[in-house]
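Here the structure comes first, spelled out in structure tokens, and everything after it is commentary.
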2 protein chains.
Amino acid sequence: MESMTIGKVARFAEVGVETVRFYEREGLIAEPPRRESGYRQYPVETVSRIRFIKHAKELGFTLKEIRELLSLQIDSEATCDDVRKRAEAKILDIEEKLQALERMKMALINLVKSCRGRAPVSECPILEAMEDGNDGIRRVDI
Amino acid sequence: MESMTIGKVARFAEVGVETVRFYEREGLIAEPPRRESGYRQYPVETVSRIRFIKHAKELGFTLKEIRELLSLQIDSEATCDDVRKRAEAKILDIEEKLQALERMKMALINLVKSCRGRAPVSECPILEAMEDGNDGIRRVDI
DNA sequence: GTACACTCCGTACCATACTACAGAGTCAAG
DNA sequence: CTTGACTCTGTAGTATGGTACGGAGTGTAC
């Protein structure tokens, strides 16, 4: 068995059947071959593709961005150079996200620490911790 | 000058005026004091609060989750212990996101590398790289 | 050979997170 | 003391990313 029905793909990828069709319409997964009856026949790889989409969404990527990520491959339409450039741009995006997440994590760790020490905690500690190095702007003049 | 109009807050936080009001309605920022005219008077901290909301959204947090993050503070309603527990849970969420992002970054770095070496590149390299350790499920049986 | 779960397509509906008015009042620079 | 930018409330509309039918055909296990 090399192929799966839409229902199986959906169950394994932990999404609804409608979502699979939706992703097809949106160009996130390829239109699969069909049986004579019209039933879609998916290759097993579709499951990991949909899982990837799910994860990327949880990381704040839009479907448009995910489409771009998934299209980072060399084919008749894209040269090596082109793909490399696009991949490098995505790496920068990801590094920004990583840094913001790290800051958020540190803020929470500090919060937990000060909570354990029963030290007085400021009004909104997570916010204050995030402020150091938020986006290079330190001060706001009215 | 310790306070700002809604327009200034919006400009500094790089969102629309309507968005500031929307966040107020949604309980993400406090209802500010008003002038006699009814004009809102925001403390400067509101700007970083809104910036935080923006960043957290870009990291895939929903407004509901962001509300929870911002409420991680000790006050009359929340004990130290309670806050610590919630913060620890959020740290785990964040670590999952960090790991997924790291995997995605590595996949892209490998893609760039293989592109530079002019080596043959697989159909969808980012996907393949992400598959090692996606969510503990390695194999799909049909 | 018939239940019953599954699939098809199309359309409509939903939640989230804004965004854009309308109509009226306010502020401040010249 | 006016003019133009700003603010107010309320309501309506939009984009994204699904989710849920309805009505009809298909697959398969007993």
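So that the names make sense, note that chain A is the first sequence line, chain B the second, and so on, each numbered from 1.
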key: With Glu68(B) via side chain to side chain donor-acceptor pair (under 3.5 Å) - residues at least two apart   = Lys90(B)
message = Distance check needed: dG27(D) P versus Met4(A) CE, whole Å only.
response = 18 Å
query = With Glu95(A), which residues qualify under side chain to side chain donor-acceptor pair (under 3.5 Å), at least two apart?
reply = Lys105(B)
inquiry  = Restricting to salt bridge (Lys or Arg N to Asp or Glu O under 4.0 Å), what partner residues turn up for Glu65(A), sequence neighbours left out?
reply    = none
note = From CD of Glu58(A) across to P of dG18(D) the rounded distance in Å is 11 Å
inquiry  = Nearest whole Å is fine: how far is dT16(D) C1' from Arg67(A) CZ?
reply    = 11 Å
note = Lys54(B) meets the side chain to side chain donor-acceptor pair (under 3.5 Å) criterion, sequence neighbours left out, with none
For chain B, the stretch of DNA chain C it reaches, first to last nucleotide, under 4.0 Å of its heavy atoms = dA17(C) to dC27(C)
request  = Take the protein atom CD of Glu24(A) and the nucleotide atom P of dG18(D), then report the distance between them rounded to whole Å.
outcome  = 15 Å
Lys57(A) charged N/C atom sitting above Phe52(A) aromatic ring, 6.0 Å / 45° = no
query = Does dG18(D) have OP1 or OP2 sitting under 4.0 Å from an N or O in the side chain of Lys57(A)?
reply = yes
ask   = Nucleotide by nucleotide, 5' to 3', does protein get under 4.0 Å of the base (B), only the sugar-phosphate (S), or neither (-) in nucleotides 3-13 of chain D, counting heavy atoms?
value = ---BSSB----
Pairing residues for Lys64(A) by the side chain to side chain donor-acceptor pair (under 3.5 Å) criterion, not counting sequence neighbours = none
key: Nearest-Å distance for atom pair CD1/P, residues Ile29(A) and dG17(D)   = 15 Å
Residue pairs, two or more places apart or on separate chains, that pass side chain to side chain donor-acceptor pair (under 3.5 Å) and touch residues 29-40 of chain A = Glu24(A)-Arg40(A)
key: With sequence neighbours excluded, residues passing salt bridge (Lys or Arg N to Asp or Glu O under 4.0 Å) with Glu88(B)   = Arg116(A), Arg84(B)
task = With DNA chain D as reference, determine whether Glu36(A) or Tyr23(A) sits nearer its 5' end, using the nearest nucleotide of each.
result = Tyr23(A)
